[in-house]
Number of protein chains: 2
Amino acid sequence: MHEQPSPTHQPLYQQVYRMLLDRLASGDWSPGELLPSETALAQLYGVSQGTIRKALDTMAAERLVVRHQGRGTEVAKHDSERSLFQFWHLYDEDGSRRIPSSKVLECVRTTARAGEARQLNLRRGAPVVRIRRCRYIDGRARIIERITLPAERFPGIESHGKALPNTLYALYQKQYRVTIQTAIEKLRAVKADQNDAESLGIEPTTPLLEIERVALDLEDEPVELRVSRCETNQIHYKNILD
Amino acid sequence: MHEQPSPTHQPLYQQVYRMLLDRLASGDWSPGELLPSETALAQLYGVSQGTIRKALDTMAAERLVVRHQGRGTEVAKHDSERSLFQFWHLYDEDGSRRIPSSKVLECVRTTARAGEARQLNLRRGAPVVRIRRCRYIDGRARIIERITLPAERFPGIESHGKALPNTLYALYQKQYRVTIQTAIEKLRAVKADQNDAESLGIEPTTPLLEIERVALDLEDEPVELRVSRCETNQIHYKNILD
DNA sequence: CAGTGGTCTAGACCACCGC
DNA sequence: CGGTGGTCTAGACCACTGG
């Protein structure tokens with residue numbers, strides 16, 4: 001199934017990748033479900049199995065999909081495992097890491113501030129849900145978080161109130177069909193303000209690591225803004241460059 | 001060229017990858033040089049071109065090698081481009097980044113402290129070279145760095161004194177045949193001490209972003225320890241999770 | 001133009017899973 | 001056991017590079 005050369009020629013396996021991605025984003029298959037087999041997809045799209053394989057391998061590398069020899073290719077699902085390995089960079093001094101517990105301090109519907117609107121690609125004053133929570137590692141408050149969500153993508157999420165689950169990305173995916181695929185983080189060192197100091201039980205002016213994260217869905221639309229402030233005496237942010 | 005199944009069976013393309021990596025590490029080919037063509041390598045190792053391709057694609061993904069259609073496969077070379085894209089995460093507020101200029105404050109041969117020895121996999125008191133330098137963005141001092149090198153891997157490097165070049169990884173590669181392949185960074189927020197404050201022209205106790213980096217060579221041996229302290233009012237550390 | 005890597009195909013055999 | 005993905009091969013054609 002070759003194609004004639006043309007000005008906009010894209011390799012077949014990239015076209016297939018695009019088509020599969022679109023079907024994923026549109027919810028044709030649900031997280032945890034098995035895709036059709038490689039041979040079935042090859043027939044469906046009229047290409048060879050090798051071409052399908054190359055597209056699926058790319059998707060596996062991007063964690064859109066998980067391959068299981070002998071079983072099939074599964075649509076990636078958000079659980080605490082994935083949150084840990086893809087989206088969690090805070091480590092204890094001993095090198096271990098785990099998702100901390102959380103206490104929701106506030107969860108309200110309100111309107112976007114200028115900065116939030118810009119980062120979430122909303123108009124100013126658009127409805128948003130703002131969550132503030134404190135996170136605990138080894139039973140001690142270490143992180144204070146402020147999360148902003150576009151209300152239209154998460155209708156009624158504020159009704160969870162303080163009972164919001166700890167692993168939010170799984171909730172986004174299961175309840176709102178929003179899959180977090182990428183995140184862009186900006187890190188800075190800042191002084192704790194009065195609020196931070198009280199919540200974390202530290203002196204004001206203690207240096208904190210501020211992590212500002214914009215999370216994107218399958219179509220690279222921003223769907224969550226999260227600002228975390230961390231006390232880094234016992235923990236650190238680890239990044240591997242390769 | 002199939003192989004009989006055995007308890008320690010590894011796929012052919014991984015065996016080829018290993019062999020090519022070993023030859024790279026031992027300096028059989030120099031950075032910037034072209035490898036033999038895929039067909040030549042296939043003959044050499046007695047496997048098909050597809051198997052060679054899979055090994056080389058892996059190496060390309062790890063930036064060990066750069067592929068050029070119509071020209072050949074080149075051994076990756078360290079230059080300011082690569083330093084920027086693989087090892088530089090500090091961005092201006094406008095989203096741009098460039099390698100800052102540097103002024104060497106100190107460059108001396110001495111002995112490893114306990115922490116340095118541990119991180120560089122040396123015995124305590126082993127000879128090391130310690131470099132301190134200040135880095136400038138837009139003409140303003142923003143980063144203070146302390147670099148520790150195992151003296152045995154970089155004989156005589158201290159003789160460069162304050163004339164050390166700005167892009168050190170290129171120097172390591174060209175002059176000492178040490179290629180930096182990976183780096184592990186730990187980030188924390190700290191208070192500026194008296195020294196930091198003077199060098200950066202800020203108040204003591206200003207919060208700084210501390211980046212502690214251990215750089216590894218092709219064989220995953222630690223070869224450089226670098227602690228950078230950054231003033232993050234105008235710049236931030238950017239990380240993409242995907 | 002000859003030679004390189006990039007794409008695509010077809011088919012063989014293997015390792016693994018679930019029934 | 002049949003069906004899945006994983007490995008490996010052989011060969012065709014294309015796009016690009018350099019002389």
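Letters A, B, ... mirror the listed sequences (proteins, then strands); counts begin at 1. Heavy atoms only: backbone and side chains are in, while hydrogens, waters and symmetry mates are out.
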Whole-Å gap separating [atom2] ([N]) and [atom1] ([X]):
X: A/Q10; N: D/dC14; atom1: CD; atom2: C1'; answer: 16 Å
X: B/E74; N: C/dG5; atom1: CD; atom2: C1'; answer: 14 Å
X: A/L56; N: D/dT4; atom1: CG; atom2: P; answer: 13 Å
X: B/H9; N: C/dC14; atom1: NE2; atom2: P; answer: 11 Å
X: B/L12; N: C/dC13; atom1: CG; atom2: C1'; answer: 13 Å
X: A/H68; N: C/dG18; atom1: NE2; atom2: P; answer: 9 Å
X: B/I52; N: D/dT7; atom1: CD1; atom2: C1'; answer: 14 Å
X: B/Q49; N: C/dT4; atom1: CD; atom2: P; answer: 10 Å

Please tell me if [X] has a side-chain N or O lying less than 4.0 Å from either OP1 or OP2 of [N].
X: A/K54; N: C/dT7; result: yes
X: B/T51; N: D/dT7; result: no
X: B/R71; N: D/dC16; result: no
X: A/T73; N: D/dT4; result: no
X: B/Y13; N: D/dC8; result: no
X: A/S37; N: D/dT4; result: yes

If you check every side-chain atom of [X], which of [options] has the closest atom?
X: A/Q69; options: D/dG5, C/dG6, C/dT9; result: D/dG5
X: B/E38; options: C/dT9, D/dG5, C/dG6; result: C/dG6
X: B/S48; options: D/dA10, D/dT7, C/dT9; result: D/dA10
X: B/T39; options: C/dC8, C/dT4, D/dC8; result: C/dT4

Looking at B/E210, B/E145, B/E116, which hits salt bridge (Lys or Arg N to Asp or Glu O under 4.0 Å) with B/R226?
-> B/E145
How many angstroms lie between NZ in A/K174 and NE2 in A/H78, if you round to the nearest 0.5 Å?
-> 13.5 Å
B/A25 backbone acceptor or donor facing B/D22 side chain under 3.5 Å | no
Does B/D217 use its side chain to pair, donor to acceptor, with the backbone of B/D220 at less than 3.5 Å?
-> yes
Start with the C-alpha gap between A/E62 and A/Y17, add the side-chain angles, then the distance that decides, and say whether side chain to side chain donor-acceptor pair (under 3.5 Å) holds.
-> CA-CA 12 Å; A/E62 294 171 343; A/Y17 168 90; 2.5 Å; yes
Taking N and O atoms by type only, does the side chain of B/R53 place a donor or acceptor under 3.5 Å from a partner on the base of C/dG5?
-> no
